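Below is one structure, written out as structure tokens; comments come after it.
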Amino acid sequence: MAEITNETSEKKEETGERKKDSKLREKTGKFTGAFVNMIKHIFLPYREMIQGKGITRRWLFTTFSLLGTMLIAIFVISVSLINSFYYNNIKQVIDQRAEVTSEYFAQTAFNSYAAMNENDYRLSAQSFVEGFSDKDKMEVQFINGRGSTLVSSTGFEPPEGQPKPDYEEACKNGTHGTWNGLNENNEHVYAVSYILELPNYKGYRAIRMIVSLEPTDAAVRGNVILISVIMLVVLLFISLTSSYFIRSIVNPVKKITNIAGNIAGGDFSIRLEKQHDDEIGDLMDSINAMAAELALSENAKNDFISSVSHELRTPLTAIKGWSETVLMCGTEDEAMIKRGMGIIIKETERLSGLVEQLLDFSRMQSGRLVMNIQLLDIVAEIDDVVFMFAEKARKEDKRLTFYEPEQAIPVMGDRDRLKQVIIIAIDNAMKYSESGGEIYVYTSVENDRLTIGVRDHGCGIPADQLSKVKQKFYKANTEKGGFGIGLAVADEIIRKHNGEFIIDSVEGEGTNVSIILPIARQAAPTEGE
């Protein structure tokens with residue numbers, strides 16, 4: 001029974017351990033998956049840029065080329081400085097220690113022996129080595145004239161054939177030599193040999209100091225690894241910030257590109273959501289404003305097409321209706337025929353004027369609106385236009401008054417085009433004036449500039465629409481007829497005359513149109529004329 005209980009307990013413990021291991025593996029798997037997803041999220045823009053094209057790819061290669069060059073330069077300089085600091089310091093210390101020790105040993109031997117033989121040299125070397133305090137830091141060897149090591153501070157006799165490049169160099173130049181390399185145990189060492197100047201001995205006896213560079217190599221490797229880790233951290237930090245930069249700049253640019261494509265496709269209702277008050281935000285505002293303007297232009301264009309259809313249909317309907325009426329009338333109904341033909345002629349002229357206005361607008365849009373400039377009396381032209389509108393004003397119970405100046409005012413311009421502008425100004429004043437209203441036409445001269453004014457006391461133009469009335473297709477009052485291009489054409493004509501077409505208006509009080517032109521100065525007559 002006890003055995004069964006023990007087995008059950010062991011199975012429960014084993015099952016519990018398996019559950020713990022399973023949970024641990026599950027948590028580890030979740031953490032690993034989350035970490036991998038984070039890395040993918042961070043470096044996804046770089047993969048897209050490498051595989052893609054355009055400014056993002058150029059930015060990636062430019063940035064990381066400069067960054068890589070800078071980091072490599074910093075790494076090389078840092079490693080060079082570390083090597084210089086550690087190895088040069090050790091070499092300097094060992095060189096100075098070997099030089100001082102050789103001089104001290106030679107002076108001691110000179111004071112002790114008048115002439116030193118091989119045995120005296122060995123005894124002096126052993127005595128010196130026994131009193132050497134830095135045995136744990138470096139090895140000291142004494143070399144006889146045959147190049148063999150007699151005494152070593154390690155207490156062991158070095159193997160025969162041990163390489164001594166530093167000793168060989170010292171023998172060649174007669175003073176000292178150094179060596180940096182691997183010894184017979186494959187250990188990185190630095191060795192210095194100094195020739196001993198002993199009394200009455202002309203052989204190459206030398207003292208040799210050897211220090212292991214393995215701890216120095218480990219310190220250098222540690223510092224190099226530290227620098228590498230720091231650079232990797234810097235690179236990772238720059239990658240993170242670059243990823244944020246890419247997402248905050250490139251992604252909105254892609255979104256703007258897509259939205260611009262939709263706008264180009266005719267969807268003017270779409271808008272960009274501004275997230276930051278920066279250059280990208282300003283660009284989004286500009287695109288939104290452009291979309292709004294395009295929407296207005298599209299609506300204006302549609303209204304224009306509708307207006308054209310309506311304006312052209314009205315005279316055509318009248319012409320067709322009266323033509324059929326005239327055909328049905330007998331020869332005895334002369335009054336009806338005469339009336340019908342009069343209406344047909346009138347509507348035909350109206351239709352011709354509408355077509356001419358459209359042609360003028362087309363010429364203006366294509367830059368083919370040509371001016372036939374000549375010297376003319378603008379007062380006479382104004383008087384002709386006012387006379388032309390007199391009968392219409394009388395029928396509509398409106399008063400049209402021209403304050404004619406006493407003398408002619410010469411200007412250089414196109415006679416028909418300037419009359420067209422005056423007609424547009426007076427026609428608009430008549431159109432937007434109520435029955436019983438007054439329209440004034442006047443002129444004034446100031447600083448060689450002529451102002452032709454057309455003033456009415458009609459409905460006026462709202463302040464928020466005043467700046468738009470000279471735009472093509474725009475109509476401040478949609479209840480009135482017209483294409484919405486007359487003022488745009490008039491403004492273009494006056495600009496081609498180096499003048500200004502100014503509209504001032506107050507809603508409910510009326511409108512004043514100012515046509516400003518330069519006055520022509522005729523050449524003074526020569527003597528004898």
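Everything numeric in this text was worked out from a predicted model, so none of it was measured.
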Begin with the C-alpha distance, continue with both residues' side-chain angles, and end with the deciding distance and a verdict on side chain to side chain contact (heavy atoms under 4.5 Å, CB included) for Ile494 and Ile515. CA-CA 8 Å; Ile494 296 303; Ile515 304 167; 3.5 Å; yes
Residues Val411, Leu418; criterion side chain to side chain contact (heavy atoms under 4.5 Å, CB included); working and verdict: CA-CA 10 Å; Val411 297; Leu418 290 179; 4.3 Å; yes
Tell me, please, which residues at least two apart from Arg221 pass salt bridge (charged side-chain N to carboxylate O under 4.0 Å, His left out). none
Residues at least two apart in sequence or cross-chain that pass side-chain hydrogen bond (donor to acceptor under 3.5 Å, both in side chains) with Asn88, listed by chain then number, are Ser84
Taken in chain and number order and not counting sequence neighbours, the residues that satisfy salt bridge (charged side-chain N to carboxylate O under 4.0 Å, His left out) with Arg455 are none
CG-NZ distance between Asp456 and Lys431, expressed to the nearest 0.5 angstrom: 12.0 Å
Taking every heavy atom of Gly510 against every heavy atom of Ser505, the minimum-distance pair comes out as O-OG, 3.1 Å
If you measure only the distance, is there a donor-acceptor pair under 3.5 Å linking the side chains of Asn223 and Tyr86? yes
Please report the shortest heavy-atom distance between Ser323 and Ile319, naming the atom on each side. OG-O, 2.6 Å
Sequence-distant partners of Val76, side chain to side chain contact (heavy atoms under 4.5 Å, CB included), two or more places apart: Ile72
Which heavy atom in Leu71 sits nearest to a heavy atom in Met231, and how many Å separate them? O-CE, 3.4 Å
Applying side chain to side chain donor-acceptor pair (under 3.5 Å), which residue pairs with at least one partner in residues 495-504 are found, sequence neighbours left out? Glu492-Arg495
Beyond-backbone contact of Ile439 with Phe389, side-chain heavy atoms, under 4.5 angstrom: no
How would you list, by chain and number, every residue that makes a side-chain hydrogen bond (donor to acceptor under 3.5 Å, both in side chains) with Asp427, sequence neighbours excluded? Lys392
Taking salt bridge (charged side-chain N to carboxylate O under 4.0 Å, His left out) as the test, write out the residues that go with Asp397, two or more places apart. none
Using side-chain heavy atoms (C-beta onward) and a distance below 4.5 Å, is Tyr87 in contact with Leu213? yes
Measuring from Ile422:CD1 to Arg417:CZ, what's the distance to the nearest 0.5 Å? 14.0 Å
To the nearest 0.5 Å, what is the distance between CG (Asp416) and CE (Met371)? 10.0 Å
Contacts of type side chain to side chain contact (heavy atoms under 4.5 Å, CB included), residue Glu391, not counting sequence neighbours: Arg394, Lys395
With Thr216, which residues qualify under side-chain hydrogen bond (donor to acceptor under 3.5 Å, both in side chains), at least two apart? none
If you measure from CG on Leu235 to OG on Ser228, what distance do you get to the nearest 0.5 Å? 12.0 Å
Can you give each donor-acceptor pair under 3.5 Å made by side-chain atoms of residues 376-386, sequence neighbours left out, with the distance rounded to 0.1 Å?
| from | atom 1 | to | atom 2 | distance (Å) |
| --- | --- | --- | --- | --- |
| Asp377 | OD1 | Val379 | N | 3.2 |
| Asp377 | OD1 | Ile409 | N | 3.2 |
| Glu381 | OE2 | Arg415 | NH1 | 2.3 |

Roughly how far, to the nearest 0.5 Å, is CD1 of Ile344 from NZ of Lys320? 13.0 Å
Not counting sequence neighbours, which residues clear side-chain hydrogen bond (donor to acceptor under 3.5 Å, both in side chains) with Asn512? List them please. Tyr442, Ser514
Taking CZ in Arg449 as the centre, count heavy atoms belonging to other residues, nucleotides or ligands within less than 6.0 Å. Is the count above 12? yes
Glu396 and Ser435: which non-hydrogen atoms are nearest, and at how many Å? O-OG, 3.7 Å
Find the distance between NZ (Lys470) and CG (Asp491) and round it off to the nearest 0.5 Å. 4.0 Å
Residues which pass side chain to side chain contact (heavy atoms under 4.5 Å, CB included) with Thr317, listed by chain and number, not counting sequence neighbours: Arg313
Which is it for Leu487 and Ile503 under the side chain to side chain contact (heavy atoms under 4.5 Å, CB included) test, yes or no, and what are the steps along the way? CA-CA 10 Å; Leu487 294 178; Ile503 301 175; 3.9 Å; yes
